[in-house]
Amino acid sequence: FIERQAGNAEAHENLGRCLQNLNQPADALAEYRAAEAAGGANAFLFGAMGIVEEAFGHMNEAKRHFDRAVEADPESAAAWSNLGAALQRLGDTAHASRCLDKAIALDPDYSMAHANLGWILRDQHRLDEAIVASRRALAAEPGLAIAYANLGSALMIQTRQTEAFEAYAKALELDPGNEATWSSYLFALNYRDDLTPAEVVRAHRDWGARIAGFEYLAAEAQHREPDWRLVIGYVSPDFRDHPVGLLVEPIIAHHDRVRFEVRCYSHGTQVDATTWRIRAAADAWVETGDLDDAAAAQRIHADGVDILVDL
């Protein structure tokens, strides 16, 4: 059918929807691009392209599409909510909050807008408000896994471990393959006083066994001269005012630059004064947020990194 309708934007868009629902994002994106080339220009199309790009970690490209979705339909709560979420990941919290407020004003029952707002409020440590926003999302859509995950995170920070654990468990019941929620759930287990250390370890090992089938990216060995400076790479989303950033900052600053070259690979979305200090202390700073795993690995190998530290 598509061969007969090669210039039909709607046909390509509909096929893209099907492929996206079948979890074939690369093929879906190709069809969305074909729809755009055929003259498609609507909020759903731009929003769908943004969602796929976001899933690939291409946040700047995702934001560009969400901007176009808002321009195509300024009355779309979904478009404003998606733009707000992208802006939050890119570190523009103030603008993100305004977009989500706009989405909620357009549709007070739009669950994802409340869920995204809860995420922002949590990151701002406005925890009571984050909990309210997450519960509003769940009132509008009781099966929204991300709202339970956000709720669990805010409760965890408030040291309400039992409630947090219950929220994480519900999120995993609804979305059992979500690795970020699994990480939060396993972290919460460490604070359960009704579990033995052996039970906590077993839960972590069980999850490790489930994800152990990833493929290693092969790389050729680096051949160095005897007096070559060793290249050390640090990879993290947390080069900021965060325990990881605060702990690694003096290490990066005090490496012996005669013997070592220090490169930082950042895939974080939040930028603050700590970020700029770490960036200034490193020999090189590379933003990897828009790269997929393979592209990031290729960049790191091309940079000649000898030792890579995952933070």
>> To the nearest 0.5 Å, what is the distance between NE2 on H254 and CD1 on I252?
In response: 12.0 Å

> Looking only at heavy atoms, which two atoms of Y168 and A149 are closest? And how far apart?
Replying inline: CE2-O, 3.5 Å

>> Are more than 12 heavy atoms, taken from residues, nucleotides or ligands other than R192, located less than 6.0 Å from that residue's CZ atom?
In response: yes

> Any Lys/Arg nitrogen of K170 or E166 sitting under 4.0 Å from an Asp/Glu carboxylate oxygen of the other?
Replying inline: no

> Would Y234 and I251 satisfy side chain to side chain contact (heavy atoms under 4.5 Å, CB included), going step by step from the backbone distance to the final call?
Replying inline: CA-CA 11 Å; Y234 291 96; I251 296 173; 3.6 Å; yes

> Under the side-chain contact (heavy atoms from CB on, under 4.5 Å) test, which residues partner F260, sequence neighbours left out?
Replying inline: L230, I232, H255, D256

>> I need the minimum non-hydrogen distance between E54 and A62, along with the two atoms involved.
In response: N-CB, 3.8 Å

> Do L311 and F239 have side chains that get closer than 4.5 Å, going by heavy atoms?
Replying inline: yes

>> Would you say the rings of F46 and F66 are close, in the sense that their centroids are separated by under 6.0 Å?
In response: no

> Are D107 and W80 side-chain neighbours, meaning at least one heavy-atom pair lies under 4.5 Å?
Replying inline: no

> Where is the tightest heavy-atom contact between L121 and A133, given as atom of each residue plus distance?
Replying inline: CD1-CB, 4.2 Å

> Is the closest side-chain heavy-atom distance between L151 and I131 below 4.5 Å?
Replying inline: yes

> Under 4.5 Å between side-chain heavy atoms, hopping through other hydrophobics if needed: is there a path connecting V132 to L138?
Replying inline: no

> Given the rule that I, L, V, M, F, W and Y join up when any side-chain heavy atoms are under 4.5 Å apart, are L45 and L22 in one cluster?
Replying inline: no

>> So, taking the atom named CG in L87 and the one named SG in C99, what distance separates them when rounded to the nearest 0.5 Å?
In response: 5.0 Å

> How would you list, by chain and number, every residue that makes a ring-ring contact (aromatic ring centres under 6.0 Å, His included) with H58, sequence neighbours excluded?
Replying inline: F56

> Can you list the steps and then say if I51 with H65 is a side chain to side chain contact (heavy atoms under 4.5 Å, CB included)?
Replying inline: CA-CA 9 Å; I51 289 169; H65 289 305; over 6 Å; no

> Listed by chain and number, what are the side-chain contact (heavy atoms from CB on, under 4.5 Å) partners of S111, not counting sequence neighbours?
Replying inline: A140, E141, L144

> Does CD in E71 sit with more than 12 non-hydrogen atoms of other residues, nucleotides or ligands closer than 6.0 Å?
Replying inline: no

> Counting distance only, does the side-chain N/O of D272 pair as donor-acceptor with the main-chain N or O of D241 below 3.5 Å?
Replying inline: yes

>> Any heavy-atom pair between the side chains of F187 and M156 that's under 4.5 Å?
In response: yes

>> On a heavy-atom basis, which atom in S81 and which in N116 lie closest, and how many Å separate them?
In response: OG-ND2, 3.0 Å

> What's the spacing between L15 CG and Q24 CD if we round to 0.5 Å?
Replying inline: 9.0 Å

> Closest approach of R257 and A282, non-hydrogen atoms and distance?
Replying inline: NH2-CA, 3.8 Å

> Is the side chain of D238 donor-acceptor paired with the backbone N or O of G245 at a distance under 3.5 Å, no angle test?
Replying inline: no

> Are side-chain heavy atoms of V248 and S236 found at a separation under 4.5 Å?
Replying inline: no

>> Please determine whether the number of non-hydrogen atoms from other residues, nucleotides or ligands lying under 6.0 Å from atom CD of E287 exceeds 12.
In response: yes

> Less than 4.5 Å apart, any side-chain heavy atom of L117 and any of D101?
Replying inline: yes

>> I want to check something: taking the side chain as every heavy atom from C-beta on, are K102 and L83 in contact at a cut-off of under 4.5 Å?
In response: no

>> According to a hydrophobic-cluster definition based on side-chain heavy atoms being under 4.5 Å apart (Ile, Leu, Val, Met, Phe, Trp, Tyr only), do W285 and V309 belong together?
In response: yes

> Between E61 and R64, is there a side-chain N and carboxylate O pair less than 4.0 Å apart?
Replying inline: yes

> Taking atom NE2 of H301 and atom CG of L308, what is their separation to the nearest 0.5 Å?
Replying inline: 12.5 Å

>> If I compare all heavy atoms of A145 with all of D175, which pair ends up nearest, and what's the gap?
In response: CB-CB, 3.7 Å

> Is a side-chain N or O of W182 found less than 3.5 angstrom from the main chain of P176, in a donor-acceptor match?
Replying inline: yes

> Side-chain heavy atoms under 4.5 angstrom apart, residues restricted to Ile, Leu, Val, Met, Phe, Trp, Tyr: same cluster for V200 and L186?
Replying inline: yes

>> Pair T181, N178 - check side chain to side chain donor-acceptor pair (under 3.5 Å), show working.
In response: CA-CA 6 Å; T181 305; N178 191 300; 3.2 Å; yes

> Got a second to check how far T288's OG1 is from I300's CD1, nearest 0.5 Å?
Replying inline: 7.0 Å

> Just by modelled atom types, is the P237 backbone N or O under 3.5 Å from a matching donor or acceptor in the S266 side chain?
Replying inline: no

>> Run the side chain to side chain donor-acceptor pair (under 3.5 Å) test on Q20 and Y32 for me, step by step, so that the C-alpha distance in whole Å, both residues' side-chain angles and the decisive distance to 0.1 Å come before the verdict.
In response: CA-CA 10 Å; Q20 193 169 1; Y32 289 144; 2.6 Å; yes

>> Looking at S134 and A130, would you say the former's side chain and the latter's main chain have a donor-acceptor pair under 3.5 Å?
In response: yes

> So, are K63 and D67 salt-bridged, with charged N and O less than 4.0 Å apart?
Replying inline: yes

>> Applying side chain to side chain donor-acceptor pair (under 3.5 Å) to D128 and Q158, what does each step give before you reach the verdict?
In response: CA-CA 9 Å; D128 289 337; Q158 287 190 333; 2.8 Å; yes

>> What verdict does the side chain to side chain donor-acceptor pair (under 3.5 Å) test give for N150 and S153, after you've listed the backbone C-alpha separation in whole Å, the side-chain angles of each residue and the deciding distance to 0.1 Å?
In response: CA-CA 5 Å; N150 289 345; S153 181; over 6 Å; no

>> Going by the rule side-chain contact (heavy atoms from CB on, under 4.5 Å), which residues pair with I120 if we only count those two or more places apart in sequence or in a different chain?
In response: Q88, T93, A96, S97, L100, Q124

> What residues, two or more places apart in sequence or in another chain, satisfy side-chain contact (heavy atoms from CB on, under 4.5 Å) together with A284?
Replying inline: R263

> If we only count heavy atoms from C-beta on, is the M49 to R33 side-chain gap below 4.5 Å?
Replying inline: yes

> Hey, any chance Y191 and L189 share a hydrophobic cluster, counting ILVMFWY side chains that come within less than 4.5 Å of each other, even indirectly?
Replying inline: yes

> Between Y185 and F165, is a side chain to side chain contact (heavy atoms under 4.5 Å, CB included) present by the stated rule, with each step listed?
Replying inline: CA-CA 7 Å; Y185 172 86; F165 182 82; 3.3 Å; yes

>> If hydrophobic residues (ILVMFWY) are linked whenever their side-chain heavy atoms come closer than 4.5 Å, directly or via other members, who joins L90 in its cluster?
In response: M59

> If you measure from the Lys or Arg side-chain nitrogens to the Asp or Glu carboxylate oxygens, is any gap between R299 and D303 under 4.0 Å?
Replying inline: yes

> Atom SG of C18 and atom CD of E13: how far apart are they, to the nearest 0.5 Å?
Replying inline: 11.0 Å

